[in-house]
Amino acid sequence: MSIAVNGIVKCFGAFTALDRIDLEVKTGELVALLGPSGSGKTTLLRIIAGLEFADAGRVLFDGVDTTSRPVRDRNIGFVFQHYALFKHMTVFENVAFGLRVRPRKTRPTKSEIRDRVERLLALVQLEALRNRYPSQLSGGQRQRIALARALAVEPKVLLLDEPFGALDAKVRAELRAWLRRLHDEIHVTSVFVTHDQEEALEVADRVVVMNQGKIEQVGSPEEVYHRPASPFVYDFLGHVNIFHGRIEDGKVQIDASTEGSPSDKTEANASPRRIYVRPHLLDIDHVPGGNGTFRAKVRDIRAAGPVVRVELVSDWNQVVTVEISHERHLALSLKEGADVFIRPREGKVFHEDYAI
Amino acid sequence: MAFLLKRRTVVPGFGLSLGLTVLYTCLVVLIPLAGLFVKSWALPWAEIGEILSAPRVVASFKLTFLTSLIAASLNLVFGLLVAWVLVRYRFPGKSLLDALVDLPFALPTAVAGITLTTLYARNGWIGQYLEPYGIKAAYSQLGIVIALTFIGLPFVVRTVQPVLEDLDPESEDAAYSLGAGRLQVFTKVVLPLLWPALLTGFALSFARALGEYGSVVFIAGNMPMKTEVVSLLIVTRLEEYDYAGATTIAAAMLLMSFVVLLIVNLLQWWSRRWQAA
């Protein structure tokens, strides 16, 4: 089933949570709503689900207006961040709930319910836990049960609200990959909310980046990462260094300026002629050379991980983060406190004037 | 026990606090109750049987348990309603209503008894409207139920309220999203989570009603065989200097209450079986 959202507005008192949102989700797609907390992504998801109602605008499922249809009639599956399992029911009863509450006419027989629940438990690989209570499960197991429970009613749309937000990093990565495989198997139209850019880029077919109640950009993971539509998107999808400067003949010129450290994101929207450079698009050398080279002092070196992360301080006291390979690190034999030169790799920076 | 004592815990003073707890419960609860049993067991079994099987005693036991049960059941339903309204809705005068719930705790029971009697008597504010329908509220078994309901209400409200406040609204959202109706969400999702607290409230309200004296004596009319509760019967026996009779009835009452509370506790344990991890 396809979803269309037209001009959705939602205010909580004086706070505008959603400001005229338009969005389309195609049948069978897996879409991520990505944004910082307070960006309105969860509110939008809850409005699509019917758990919340918009002040203005419409929600259409397959072109049919469902704006005022209550949640129980929308045929959606909803997965909550904190699982929201029924803790007084066993795993089996939890998954069977959506089938058992159906009116008698459409309710499957007992054996049909049992078959379907067993099939779903097999799908989430938790058959052995059918008689446990939620309090006896780990977080990852609970979330898989919550997913099985949502799928039991054979929803046309699956909505997930920060489904892995409450799990630890390793379990989260596993479940992420698992959700992607699951979606490839069952192809149900899915929308999930996350504040974790890695999660969105890794799992989704399309990413919707939201900020302050508005959509900043919609696109494939590659598009939003490599061709961000706004400084916000660039900044949000990974670490970024912000410099003052200009681009002349496709070459980066960085002005020695005291303004603009990587942390002041608010200012980034106001002032023009700012250059955004990701840490891996900068290089370190002992000798100056090339355009935009500037001097800096090494402050901290973090060599644990796939790349070496070096923190430096420029002459104008700006903290700059650079990521280099381990080979490069060995070749340079950097020491803390050493004076080096930073060089932006050409042509791969984001300049505000291009986008706005 | 030795294992328990040796285990290191973060909270200090386990030995001291346990010792004080035992001492305190002994002094306040256990020793007086033991004295009661010693006194009544001084009688031969035949005589105990004779005292307890007297028609007047049997009638008062029946009356006390029946009216307490009805009152506690009423409080179970309406206590839940009050707690629900206090937790789930916002309305003017909410904090006032919240404070009013505790009033039966604070009011001297005799005052409550007199007030209720005045209200429900034949010429009272409420009694005068019941009279034409042939309903006699004061000086009847109905009056006893009214008094017991009054004093028992706070127990249910105050035990259910915090549990209701802690209830995760998302599990209700989840139930709705799975296609459940309002009634189904209430009976299948909310109520099962409230049962332990409801049963606690019920047990407290019931236990309080069994032993209630002050408010009941005014409204009951105290007719032997009809509206005489056990606590009153005990006092009557004491006034007749029949100490053996009084303690025997009291001990029997104690045993029965204990059994009832035990049953309620078992039910409660069963209703929260899902919590055992």
Side-chain angles (χ1 to χ4, degrees), chain A residues 42 45-46 48-52 70-91 93-103 106-107 131-138 142 145-155 157-162 166, chain B residues 76 80 83-84 87-92 156 159-203 264-277:
Chain A
T42 293
L45 192 78
R46 290 176 64 89
I48 294 173
L51 291 168
E52 202 99 56
V71 54
R72 59 176 299 212
D73 299 329
R74 290 198 186 193
N75 200 7
I76 53 126
F78 203 99
V79 176
F80 296 84
Q81 179 178 5
H82 298 289
Y83 329 121
L85 291 175
F86 308 127
K87 52 187 174 183
H88 59 289
M89 296 183 197
T90 62
V91 163
E93 288 163 351
N94 261 286
V95 179
F97 183 86
L99 302 170
R100 286 190 177 153
V101 295
R102 283 193 184 168
T106 54
R107 193 189 306 160
N131 292 322
R132 298 272 189 90
Y133 286 100
S135 61
Q136 299 165 311
L137 305 180
S138 71
R142 284 182 211 184
I145 294 302
L147 201 59
R149 180 180 68 176
L151 291 173
V153 293
E154 294 179 338
V157 173
L158 188 61
L159 305 169
L160 308 101
D161 183 10
E162 306 238 4
Chain B
L76 188 69
L80 172 61
W84 184 271
V87 173
R88 289 294 169 104
Y89 304 112
R90 284 217 259 165
F91 52 92
V156 178
T159 47
V160 172
Q161 209 175 358
V163 181
L164 203 53
E165 273 165 4
D166 285 348
L167 225 55
D168 173 23
E170 281 195 341
S171 54
E172 284 164 63
D173 282 348
Y176 285 120
S177 77
L178 292 166
R182 279 170 186 275
L183 191 66
Q184 283 172 319
V185 171
F186 183 74
T187 57
K188 286 172 190 270
V189 177
V190 177
L191 209 51
L193 297 171
L194 292 181
W195 268 126
L198 277 170
L199 283 171
T200 305
F202 177 82
V264 174
N265 265 295
L266 284 173
L267 271 175
Q268 205 188 12
W269 171 77
W270 177 80
S271 73
R272 56 169 16 132
R273 64 203 178 283
W274 41 269
Q275 272 181 357

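Residue numbers begin at 1 in each chain, while the letters A, B, ... track the order of the sequences.
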Open item on the list: Check this for me: does any side-chain nitrogen of one of A:R46 and B:D173 sit under 4.0 Å from a carboxylate oxygen of the other?
Closed with: yes

Task: CZ on A:R102 to CD on B:Q184, rounded to 0.5 Å - done: 11.5 Å

Open item on the list: Quick check on A:A146 against chain B: is it the side chain, the backbone, both or neither that has a heavy atom closer than 4.5 Å?
Closed with: neither

- [ ] Check B:L193 against A:H88 and note the closest heavy-atom contact, atom names and distance.
- [x] CD2-ND1, 3.5 Å

Open item on the list: For A:F80 and B:D168: C-alpha separation, side-chain torsions, deciding distance, then whether side chain to side chain contact (heavy atoms under 4.5 Å, CB included) applies.
Closed with: CA-CA 11 Å; A:F80 296 84; B:D168 173 23; over 6 Å; no

Open item on the list: Looking at chain A, which one of B:G179, B:S271, B:P169 has the largest number of heavy-atom pairs inside 4.5 Å, strictly under?
Closed with: B:G179

TODO: Using non-hydrogen atoms and a 4.5 Å limit, figure out which bit of A:L51 sits close to chain B: side chain, backbone, both or neither.
DONE: side chain

Open item on the list: How about CZ on B:F91, more than 12 heavy atoms from neighbouring residues, nucleotides or ligands closer than 6.0 Å, or not?
Closed with: yes

TODO: Measure A:L99 against the heavy atoms of chain B and call it side chain, backbone, both or neither at under 4.5 Å.
DONE: neither

Task: Over 12 foreign heavy atoms within 6.0 Å of CZ, B:R88 - done: yes

TODO: Of all the heavy-atom pairs spanning A:V101 and B:K188, show the shortest one and how long it is.
DONE: CG1-CD, 3.9 Å

Task: Closest non-hydrogen atom pair, B:A174 against A:A84 - done: CB-O, 3.9 Å

Task: Nearest atoms (heavy-atom pairs only) where B:S171 meets A:F86 - done: O-CE2, 3.1 Å

